[in-house]
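Data block below; observations after.
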Amino acid sequence: MFWQTKERMRKTYGLLAEIKAAGAPMEYAIECSACNQPANDFLSYKCPSCGKPLSVKVRDGFDTEKVRAKDYSLWRYAHFFPYVKNQEIITLGEGWTPLVKFSENVYFKLESLNPTGSFKDRGSTTLMSGLHKLVKDKKGYVAEDSSGNAGASIAAYAARAGLKAKIYVPETMPGPKFNQIQFYGADVTKVSGSRDKVAEKAQEPAKRKFYIGHILHPLFRDGLRSLAYEIAEQFDWQPPSKVFLPVSAGTLLLGIIDGFKHLAESCVIEALPHVIACQTGQVSPLYHLFKNLAYHPPLKITSVADALVSVDPPLLSLMARSLKEVNGEAIVVEENEILDAFKELAAKGFFVEPSSAVAYAAYKRQLENSETSTGDKTVIVLTGAGLKTMLEP
Ligand SMILES: Cc1ncc(COP(=O)(O)O)c(C=O)c1O
Ligand SMILES: [Zn+2]
């Protein structure tokens, strides 16, 4: 599908260039995703007037000439993250992950090979690069809530930045992720009850504490734009027709959509890929909202996909709106399909988390139902490493 006509986008960017020439706008803005109110400051994570999530809006169009071709990390796209100063980048070498051909037209994007073992490092590097000086200047520490991977990632990047981190996690967090967070030197607090309770605890005000929760903070979500840039660039700016990805709190989904939209609006790609949001039967609020169905979450989540736990994600309406806007699709898979997909991937050499196998299970389901074809150029995002799983063979 054509996102916008090239003509229309040239008009938009022509206009932006004019305003810029008049000396008015900055290269970016952080503003409310609902009412466009600007954020109070860099540390804000909610709209100051309506409380809805904030988003980063980059004013400049994407220009392939501005890619730092010899930087084999996310920071090859530094120009498009204008809120980060070069000398303040906090990096562990994240991004530019392999895009591996799996079968004739199917490619895996190996996000599991990021420094802490998941795609979350894309968000942590932009977030921590943007904020660490501010927090340090205030002699503060950072607080985060997470089901595991984001906590490990934030802990690692805080360590790299020389900041103390306090990570709030659900009581049920799998051992390897819990250990990983501790080895990075963060304080970990286990919280009983729902995922919402964990977030509430992390947000409780305390002296010198700066809540930088990855779900709400716009600078984290924004880093995930880079995944779209990489997929497009690795295909020589001829993006695939379909992208499958697992969805829980929606940062990955929103980030990748923003990235592809930025490329399309800048006329770097002609059409947006069809984005397919994959959820588990137990945790599927987006699927239900997208299909106008009522969602009743289980009392207890027991899915093997233990990273996908957001039954009531704060970004839900934004996720549904964005997915509709790009003519995407939502799909749900069941436990047996996830487990089969996880085992099949491992048996073929791709050892990923069961939560990541959700996207492959969804692809298989679509193939079986003839909703996708082996002729479609497809990317499946493998979001996290298998070494994090608690499952036993
Ligand atoms: C391995 C893995 N895959 C997918 C997701 C879903 O990402 P999001 O919460 O941004 O939807 C997560 C989130 O924790 C994850 O850890
Ligand atoms: Zn608002």
Side-chain angles (χ1 to χ4, degrees), residues 33-34 46 50-53 55 145-150 169-173 191-200 203 213-216 221 224 243-257 274-342 353-366 368-369 371 381 383-384:
S33 55
K46 277 184 189 168
C50 75
K52 292 269 166 29
S55 294
D145 54 290
S146 160
S147 67
N149 281 325
V169 302
E171 222 174 14
T172 50
M173 172 184 279
V191 181
S192 58
S194 69
R195 180 65 183 77
D196 288 353
K197 276 265 162 336
V198 184
E200 260 170 46
Q203 287 173 30
H214 73 283
I215 297 171
L216 292 175
R221 213 179 320 130
L224 299 167
V243 176
F244 287 78
L245 66 167
V247 174
S248 179
T251 64
L252 176 62
L253 175 78
L254 291 169
I256 209 169
I257 289 178
H274 195 57
V275 174
I276 298 144
C278 311
Q279 298 206 293
T280 67
Q282 292 186 20
V283 183
S284 42
L286 175 62
Y287 169 85
H288 283 83
L289 182 60
F290 194 75
K291 304 273 181 194
N292 287 322
L293 300 168
Y295 173 57
H296 304 288
L299 282 178
K300 194 166 188 284
I301 301 161
T302 54
S303 174
V304 286
D306 56 32
L308 311 181
V309 292
S310 297
V311 288
D312 185 18
L315 303 173
L316 184 59
S317 51
L318 186 57
M319 287 151 73
R321 193 165 13 111
S322 298
L323 195 60
K324 286 219 164 101
E325 197 186 327
V326 299
N327 203 20
E329 180 60 283
I331 180 166
V332 154
V333 287
E334 297 307 330
E335 289 301 294
N336 58 327
E337 296 175 280
I338 302 168
L339 211 49
D340 287 351
F342 164 76
E353 277 192 57
S355 301
S356 311
V358 165
Y360 182 56
Y363 167 75
K364 285 177 42 140
R365 163 91 76 83
Q366 276 217 337
E368 251 171 49
N369 294 347
E371 284 157 351
V381 183
T383 49

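Between E371 and E329 the shortest side-chain heavy-atom distance does not fall below 4.5 Å. Contact annotation: the side chain of E353 approaches that of N149 to within less than 4.5 Å [non-hydrogen atoms, C-beta and beyond]. Side-chain contact between S355 and D306 is present, with at least one heavy-atom pair separated by less than 4.5 Å. Taking 4.5 Å as the limit, some side-chain heavy atom of Q282 sits within range of a side-chain heavy atom of E335. With contacts defined as side-chain heavy-atom distances shorter than 4.5 Å, the pair P314/I215 qualifies.
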CA sep, side-chain torsions, deciding dist, call: E325, I257, side chain to side chain contact (heavy atoms under 4.5 Å, CB included):
CA-CA 10 Å; E325 197 186 327; I257 289 178; over 6 Å; no
Verdict with supporting geometry, F290 and L323, side chain to side chain contact (heavy atoms under 4.5 Å, CB included)
CA-CA 8 Å; F290 194 75; L323 195 60; 3.7 Å; yes
Test side chain to side chain contact (heavy atoms under 4.5 Å, CB included) applied to Y295 and V311, step by step
CA-CA 9 Å; Y295 173 57; V311 288; 3.4 Å; yes
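Screening V358, V275, T383, I276 for a side-chain contact (heavy atoms from CB on, under 4.5 Å) with L245, the sole residue that qualifies is V275. With L254 as the fixed residue, the side-chain contact (heavy atoms from CB on, under 4.5 Å) test singles out one of S33, S55, S322: S322.
Side-chain atoms of S192 never come within 3.5 Å of backbone atoms of E171 as a donor-acceptor pair (strictly under, hydrogens ignored). For Q279 (side chain) and L286 (main-chain N/O), a donor-acceptor pair under 3.5 Å exists by modelled atom type. S146 contributes a side-chain N or O that, together with a main-chain N or O of G148, makes up a donor-acceptor pair within less than 3.5 Å. A side-chain donor-acceptor contact under 3.5 Å links E337 to the backbone of E334.
Note that CD1 of I331 and OH of Y363 are 12.0 Å apart. Values are rounded to the nearest 0.5 Å. One finds the CE atom of M319 at 6.0 Å from the CG atom of L253 (value rounded to the nearest 0.5 Å). In this structure, the separation between CD on E200 and OG on S194 is 7.0 Å, given to the nearest 0.5 Å. A distance of 8.0 Å separates NE2 of H288 from NE2 of H296, quoted to the nearest 0.5 Å. To the nearest 0.5 Å, the span separating OG on S303 from CD1 on I338 amounts to 4.5 Å.
The two atoms that bring L224 and T251 nearest to each other are CD1-O, 3.2 Å, heavy atoms only. Minimum interatomic distance between P53 and R221 (heavy atoms only, all atoms of both residues): CB-NH2, 4.0 Å. Taking every heavy atom of both residues into account, V332 and S284 meet most closely at CG2-CB, 3.5 Å. Considering every non-hydrogen atom in both S248 and A307, the closest pair reads OG-O, 3.9 Å.
A donor-acceptor contact closer than 3.5 angstrom is absent between the side chains of S147 and R195.
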